[in-house]
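When a residue number appears, it is its place in the shown sequence, counting from 1.
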Amino acid sequence: MATAIELSPHEIEGLCQQYFGHQSVAEATTTPNNIQLNVIRYHLKPISDSPSGFLGHHRYLVIDVQVGSKSEDGRDSIAFNRIRFFTKAAPVEIASRMDYLEEFGVFKKEIIVYRDVLPQLQEIFPGVAPKCYYADNNLLVFEELQQGGYRMGAGRDGLLDYEHLQCAVKTLATMHAASIVFEVKQGVKINQIFPPAIEENAYPSQLDEKHVRYQNFANGVEVFGELIKQMPKYEKQLDYILSNLKTKMSVIFPLAQTSKDYCNVFSHGDLWANNVMFQYGKYGDSPIQCRFVDFQLARYAPPMLDLITLLTIPSSREFRSKYLTELLQEYYRFMGEFLKREQLNIEDFLSTQEFWKTFEEYRICGLIESCLFSHLTILPPELTQCLTATTDGFSDFFARKRVEICLKAFNTDEFYRQRLTDMLEDFVDNYILKKTEEGGK
């Protein structure tokens with residue numbers, strides 16, 4: 001059933017004007033000044049029959065519009081178009097989720113990022129994120145990437161292959177390089193210009209145990225402890241592992257902050273497989289470019305934090321042993337090439353020595369993020385549907401029933417068990433049981 005949208009007719013017409021203006025520039029055809037629009041009707045349409053999104057409503061905005069234009073020879077023409085946008089709205093009607101969003105600060109942040117920051121960065125190097133046509137009042141309206149041939153690159157297991165990760169690494173280097181170029185041109189750091197857009201909300205610097213994010217972290221660690229108990233491999237060392245698990249994972253809090261020692265860049269902060277949309281070539285197998293979506297956890301931090309997260313969450317331990325070093329080198333090469341276009345030398349901002357030093361220091365963050373993200377994101381669909389479908393389901397998962405639900409998934413779903421075992425073993429083997437922590441390749 002179609003749903004109403006809280007946009008005025010004037011704002012709807014403005015979206016259409018922007019859309020046709022953007023299309024004209026992209027296709028080098030008619031200019032917006034030659035276009036006359038008459039909006040006939042518009043409505044919101046569900047993306048699927050299933051609930052969409054833990055913390056927001058994702059829907060299509062469909063607009064039927066009459067387009068009049070004048071050709072070069074002076075003739076008038078009229079066409080009827082149906083435009084489809086992708087919308088993301090805060091769940092204002094669900095008090096528990098809005099309370100979570102307000103304390104978490106994610107929706108307001110994403111509006112600022114899309115309205116103020118990304119346009120500046122994409123003016124320097126385009127192709128990082130979808131075009132945003134509207135960002136205000138708990139609502140975001142984007143270009144509909146699927147109509148442009150974009151789709152997610154991972155399956156149920158959340159894994160990306162080498163080609164997809166290489167493509168994503170290039171886009172990440174694009175965004176990080178644009179951040180550096182912007183600061184050089186402005187003569188001011190991004191965190192001074194746009195402080196609300198990069199305030200750390202995923203891992204606040206003040207470890208208040210009542211904060212929603214710390215509670216979420218603690219609940220996640222509790223899940224990991226219960227899952228580790230299910231692994232025969234660690235039976236003899238279980239007490240030692242469990243007594244050190246939370247302390248070792250807590251290093252994510254200081255490491256997520258803006259660094260006083262290393263180069264910082266505008267960072268996505270939420271780079272798992274579903275937040276990267278890929279466009280494919282003629283035969284649909286190999287990605288040719290990608291866009292990042294969902295900037296709710298944007299931060300200002302060393303580039304390695306984004307990079308190691310991107311290369312760890314959607315990959316296996318075996319994959320990383322073969323390709324991690326190569327993909328890290330690819331990022332550094334891309335970054336250098338982008339900066340060179342603006343007559344800048346990467347060594348002046350992120351030296352080779354600093355790059356590899358931050359890899360050694362931040363590699364643990366990739367594994368922590370893998371566990372914290374994936375124990376939620378790759379839950380079996382039949383479990384997540386009951387969570388997003390009701391207010392009680394959402395509250396139960398975040399406050400009461402997380403261990404129960406995740407244990408059920410671990411014991412009944414092969415994908416979930418394999419992926420969580422792979423991540424937890426890498427973390428436990430390298431950062432709890434080893435006396436000397438190593439970056440490893």
Check: If we only count heavy atoms from C-beta on, is the Ile308 to Leu324 side-chain gap below 4.5 Å?
Finding: yes
Next item on the list: Output, in order, the C-alpha distance, side-chain angles, deciding distance and verdict of side-chain contact (heavy atoms from CB on, under 4.5 Å) for His375 and Arg402.
Entry: CA-CA 10 Å; His375 86 283; Arg402 189 183 305 207; 3.1 Å; yes
Margin query: Treating Arg151 as the side-chain partner and Gln146 as the backbone partner, does any N or O pair qualify as donor plus acceptor under 3.5 Å?
Written below: no
Margin query: Keeping Lys109 on the side-chain end and Ala298 on the backbone end, is there a donor-acceptor pair under 3.5 Å?
Written below: yes
Next item on the list: Assert yes or no for the condition that the ring centre distance of Phe125 to His176 is strictly below 6.0 Å.
Entry: no
Check: Would a 4.5 Å heavy-atom cut-off, applied to side chains only, mark Asn216 and Arg213 as touching?
Finding: yes
Note to self: Under the criterion side-chain contact (heavy atoms from CB on, under 4.5 Å), I'd like the reasoning laid out for Ile83 against Phe20: C-alpha separation, chi angles, the key distance, then a yes or no.
What the structure shows: CA-CA 10 Å; Ile83 310 170; Phe20 284 105; 3.6 Å; yes
Check: Does the Gln122 side chain pair with the main chain of Ala129, one donor and one acceptor, at a distance under 3.5 Å?
Finding: yes
Item checked: Audit row: Lys357, Asp261, salt bridge (Lys or Arg N to Asp or Glu O under 4.0 Å) steps and yes/no -> CA-CA 11 Å; Lys357 185 178 180 181; Asp261 302 315; over 6 Å; no
Next item on the list: Would you check if the side chain of Gln296 reaches a backbone N or O of Phe107 as a donor-acceptor pair within less than 3.5 Å?
Entry: no
Next item on the list: Take the angle between the ring planes of Tyr262 and Tyr362 and call it parallel below 30°, perpendicular above 60°, tilted in between.
Entry: perpendicular
Check: Got Cys263 and Ile180 here, is their nearest side-chain heavy-atom distance under 4.5 Å?
Finding: yes
Checklist line | Stepwise side-chain contact (heavy atoms from CB on, under 4.5 Å) test for His57 and Leu44 | finding: CA-CA 11 Å; His57 296 310; Leu44 283 173; over 6 Å; no
Notebook entry, point to check: Given Arg419 and Asp413, is the salt bridge (Lys or Arg N to Asp or Glu O under 4.0 Å) satisfied, shown in steps?
Noted result: CA-CA 10 Å; Arg419 294 288 292 119; Asp413 187 86; over 6 Å; no
Check: Looking at Ser179 and Val265, what are the two nearest heavy atoms and their distance?
Finding: OG-CA, 3.6 Å
Next item on the list: Run through Phe85, Phe86, Phe142 and flag the one making a ring-ring contact (aromatic ring centres under 6.0 Å, His included) with Tyr133.
Entry: Phe85
Check: When the ring planes of Phe355 and Tyr332 are compared, do they come out parallel, tilted or perpendicular, using 30° and 60° as the limits?
Finding: tilted
Item checked: Tyr431 vs Ile368 side-chain heavy atoms within contact, under 4.5 Å -> no
Check: Taking all non-hydrogen atoms of both residues, which atom of Asp422 and which atom of Ser316 are closest, and how far apart?
Finding: OD2-CA, 3.6 Å
Item checked: Flag, side chain of Thr87 to backbone of Arg59, donor-acceptor distance under 3.5 Å -> yes
Next item on the list: Please lay out, stage by stage, how Ile190 and Asn264 fare under the test side-chain contact (heavy atoms from CB on, under 4.5 Å).
Entry: CA-CA 9 Å; Ile190 281 180; Asn264 297 288; over 6 Å; no
Next item on the list: Identify the heavy atoms of Ala256 and Leu305 that sit nearest to each other, and give their distance.
Entry: CA-CD2, 3.7 Å
Margin query: Check this for me, if you would: do Arg341 and Glu337 make a salt bridge, where the nitrogen-to-carboxylate-oxygen distance has to be below 4.0 angstrom?
Written below: no
Notebook entry, point to check: Any idea how Tyr323 and Phe319 line up, ring-wise: parallel (<30°), tilted (30 to 60°), or perpendicular (>60°)?
Noted result: tilted
Notebook entry, point to check: Got Val181 and Leu339 here, is their nearest side-chain heavy-atom distance under 4.5 Å?
Noted result: yes
Margin query: Students often mix this up, so state it plainly: with edges at 30° and 60°, are the rings of Tyr416 and Phe410 parallel, tilted or perpendicular?
Written below: perpendicular
Item checked: Distance, nearest 0.5 Å, that separates OH of Tyr162 from CG of Leu327 -> 4.5 Å
Notebook entry, point to check: Is atom CD of Glu199 surrounded by more than 12 heavy atoms (other residues, nucleotides or ligands) closer than 6.0 Å?
Noted result: no
Next item on the list: Start with the C-alpha gap between Glu318 and Lys322, add the side-chain angles, then the distance that decides, and say whether salt bridge (Lys or Arg N to Asp or Glu O under 4.0 Å) holds.
Entry: CA-CA 7 Å; Glu318 181 183 8; Lys322 294 178 181 178; 3.7 Å; yes
Next item on the list: Tell me yes or no: between the side chains of Tyr234 and Glu425, is some donor less than 3.5 Å from an acceptor?
Entry: no
Notebook entry, point to check: If you draw a 6.0 Å radius around CD in Gln192, do more than 12 non-hydrogen atoms from other residues or ligands fall strictly inside?
Noted result: yes
Check: Between the side chain of Arg320 and the main-chain N/O of Leu311, is any donor-acceptor distance below 3.5 Å?
Finding: no
Next item on the list: Could you tell me whether a side-chain N or O of Glu330 sits under 3.5 Å from a main-chain N or O of Glu326, the two making a donor and an acceptor?
Entry: no
Margin query: Any non-hydrogen side-chain atom of Glu369 less than 4.5 Å from a side-chain atom of Thr312?
Written below: no
Notebook entry, point to check: Below 4.5 Å, heavy atoms only, C-beta onward: do Val62 and Arg82 meet side chain to side chain?
Noted result: yes
Item checked: Shortest non-hydrogen contact from Phe278 toward Val276 -> CZ-CG1, 3.5 Å
Note to self: Around atom NZ of Lys340, are there more than 12 heavy atoms from other residues, nucleotides or ligands closer than 6.0 Å?
What the structure shows: no
Next item on the list: Grab the two heavy atoms, one from Lys131 and one from Glu143, that are nearest each other, plus how far apart they are.
Entry: N-OE2, 2.6 Å
Note to self: With a 4.5 Å cut-off on side-chain heavy atoms, are Glu11 and Leu15 touching?
What the structure shows: no
Notebook entry, point to check: Got a donor-acceptor contact below 3.5 angstrom from the Ser243 side chain to the Tyr240 backbone?
Noted result: yes
Notebook entry, point to check: For the residue pair Phe224 and Phe427, is the inter-centroid distance of their aromatic rings smaller than 6.0 Å?
Noted result: no
Notebook entry, point to check: Taking all atoms of both residues into account, what is the closest heavy-atom pair of Tyr114 and Asp294, and its distance?
Noted result: OH-N, 3.7 Å
